[in-house]
Protein chains: 2
Amino acid sequence: MIPNYILIKDKLDRMMVSGELPVGAKLPSEPELAASFGVSRETLRAALKQLEQEGKLRCRNGVGRFVIRPLHSIPSSIDKLGSTSEMIHASGLQETEVQESVRIDRCQQEWAENLSLEEGDDVIVIERVRKANDDPVSFNINVLPHGIVGMAFARRPLQGSLMTFLEEECSIRLVSAMSEVIVPAAKDLHAKKLRVSPEATVLLLKQTHFDEDNRPVLFSYDYYRNDVFKFWVRRSR
Amino acid sequence: MIPNYILIKDKLDRMMVSGELPVGAKLPSEPELAASFGVSRETLRAALKQLEQEGKLRCRNGVGRFVIRPLHSIPSSIDKLGSTSEMIHASGLQETEVQESVRIDRCQQEWAENLSLEEGDDVIVIERVRKANDDPVSFNINVLPHGIVGMAFARRPLQGSLMTFLEEECSIRLVSAMSEVIVPAAKDLHAKKLRVSPEATVLLLKQTHFDEDNRPVLFSYDYYRNDVFKFWVRRSR
DNA sequence: CAGTGGTCTAGACCACCGC
DNA sequence: CGGTGGTCTAGACCACTGC
């Protein structure tokens, strides 16, 4: 069941796309709009609030609401959390090969700090090289607490997206991440493997992923070739 | 005048910090909470919605609301738009020197695309080198349409933050930006100047800044030494 | 001043969940 | 089933804006 304020939001959205509400136009007042949609003012306001949050409306107190120039949405925005497979797909590439290794290891200091573990605790470490047309395009190291996912790995070997594996086998939904954007040092061995040409610069994301309760579940080093992947960020005040 | 729902939000926020509402705790039901604050249910819900958006509460339909582990906020999060001076300050550095040049130039293709101009139109180009302890730490190229800011520059020379200059002299408030995160090529001349040591890797942000109506006002190339500045991004589904 | 959006209320119905 | 949050209403008062 889709609530009414979402339907109204979509309707207004379509009117802005179609040109019925062009950029710069002033919307009718709240009471007028509410009447025209046959809903209460608060319901209408809920719809308008959505559009405001999406950056499509500007509200000026005591004046009115105005349609503003929509920002063309970027496909591979870094704000959106997704699996590497999704990123490769979004870049229009075909994932031709994945080399993978899974092992149990002792927790290092950096992992412990980010996963709320103690140094030396058991962790699962997954390393993956992704190739497109036989060229390596990405290298990932994933570290997970053994206590959370150890049993699941014994039950079924990992295949495909780690995110969906965690959902299906562990009922863990990764919903957010804090990522540090890093230019790896010249001598970084993992980065070196991806620098297949002078143009192939490499970006590193050091990421801590959280579940719905903001518990850290996955720490990862993700190396991406910057000549293959583009990274966009939306910034706001 | 601070609205009631903000006051209630802050009150709940303090209760979570103080430990009165520890992580994992279930909040009283909405009617109970509303009664205890002496407000209507909708007002209380407005407060709760704020906390949910800030990632401090998890709502489970038909069950209740729960306090979740707060994510330690990162000081220099890239999501937050700020001037370079602010970034330097946030990194605990002292800006010791700024070298600056301002000129009128013809618009190049990349600038035209991002600023909704035509190639060859007049633009103002500002270049700045920022130093801390005599070391260069950042290099910026800012491009602005002459039509928007030309007069202001004739009136008063730029000094200090470009953002505040635009606000005070042009009544233009920059509120958002779309930024591409790039690892500059080895041969990039601007990046080279910042690579003062093997550890001094360099990150480039190509940014288009928008005003309150989402009009593009400023296009910039911002080079930062990654051994001096850290870049964090919050990602979510 | 009149019109706008921002806040707030008291009450209602519903979908969802755990028992 | 009873309790939870999600939606919705009709009406009210206020602060802000432009005239």
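Note that the structure is predicted; figures quoted are calculated from it, not measured. First the proteins, then the strands, lettered A, B, ... as listed; each starts at 1.
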In chain order, what residues pass the ring pair (Phe, Tyr, Trp, His ring centres under 6.0 Å) check against A/Phe66, with sequence neighbours excluded?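 If we apply the ring pair (Phe, Tyr, Trp, His ring centres under 6.0 Å) test to A/Phe66, skipping adjacent residues, there are no hits.
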
Look only at the side chain of A/Ser161 and the backbone of A/Met163, and say whether a donor-acceptor pair between them is shorter than 3.5 Å.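 Yes, the answer is positive, given that a donor and an acceptor are paired below the 3.5 Å cut-off.
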
Can you tell me the distance, in whole Å, between the [atom1] atom of [X] and the [atom2] atom of [N]?
X	N	atom1	atom2	value
B/Gln50	C/dG6	CD	P	13 Å
B/Arg45	C/dA10	CZ	C1'	15 Å
A/Lys26	D/dT17	NZ	C1'	11 Å
A/Phe66	C/dT4	CZ	P	11 Å
B/Lys49	C/dT7	NZ	P	13 Å
B/Ile8	C/dT7	CD1	P	13 Å
A/Glu30	D/dC8	CD	P	16 Å
B/Arg58	C/dC16	CZ	P	17 Å

Does a nitrogen or oxygen in the side chain of [X] sit under 4.0 Å from OP1 or OP2 of [N]?
X	N	answer
A/Tyr5	D/dT7	yes
A/Thr43	D/dT9	yes
B/Arg60	C/dC17	no

For B/Arg65, which contact category applies under a 4.0 Å heavy-atom criterion: base, sugar-phosphate, or nothing?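 Touches sugar-phosphate only.
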
Side chain of [X]: nearest nucleotide among [options]?
X	options	answer
A/Val63	C/dC8, D/dT17, D/dT4	D/dT17
B/Ser40	C/dC8, C/dG5, D/dG5	C/dC8
A/Val39	D/dT9, D/dC16, C/dT9	D/dT9
A/Pro3	D/dT7, D/dT4, C/dT4	D/dT7

Return whichever of A/Glu32 or B/Leu44 has its heavy-atom-nearest nucleotide of DNA chain C closer to the 5' end.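 Its nearest nucleotide being more 5', the pick is A/Glu32.
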
Assuming nearest nucleotide by heavy-atom distance, tell me which of B/Pro31 and B/Glu42 is located more 5' along DNA chain D.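 Residue closer to the 5' terminus by nearest nucleotide: B/Pro31.
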
Mapping B/Met1 and A/Arg41 to their closest nucleotides on DNA chain D, which lands nearer the 5' end?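 Per heavy-atom nearest nucleotide, the more 5' residue is A/Arg41.
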
Please state whether the rings of A/Phe231 and A/Phe229 are parallel, tilted or perpendicular, taking 30° and 60° as the class boundaries.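 Correct class here is tilted.
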
Given side chains that start at C-beta, do those of B/Asn142 and B/Val125 come closer than 4.5 Å, heavy atoms only?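 B/Asn142 does not reach B/Val125 side chain to side chain.
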
Quick one: which of B/Arg58, B/Arg60, B/Arg237 gives a salt bridge (charged side-chain N to carboxylate O under 4.0 Å, His left out) with A/Glu212?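 With A/Glu212 as partner, salt bridge (charged side-chain N to carboxylate O under 4.0 Å, His left out) holds for just one option, B/Arg58.
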
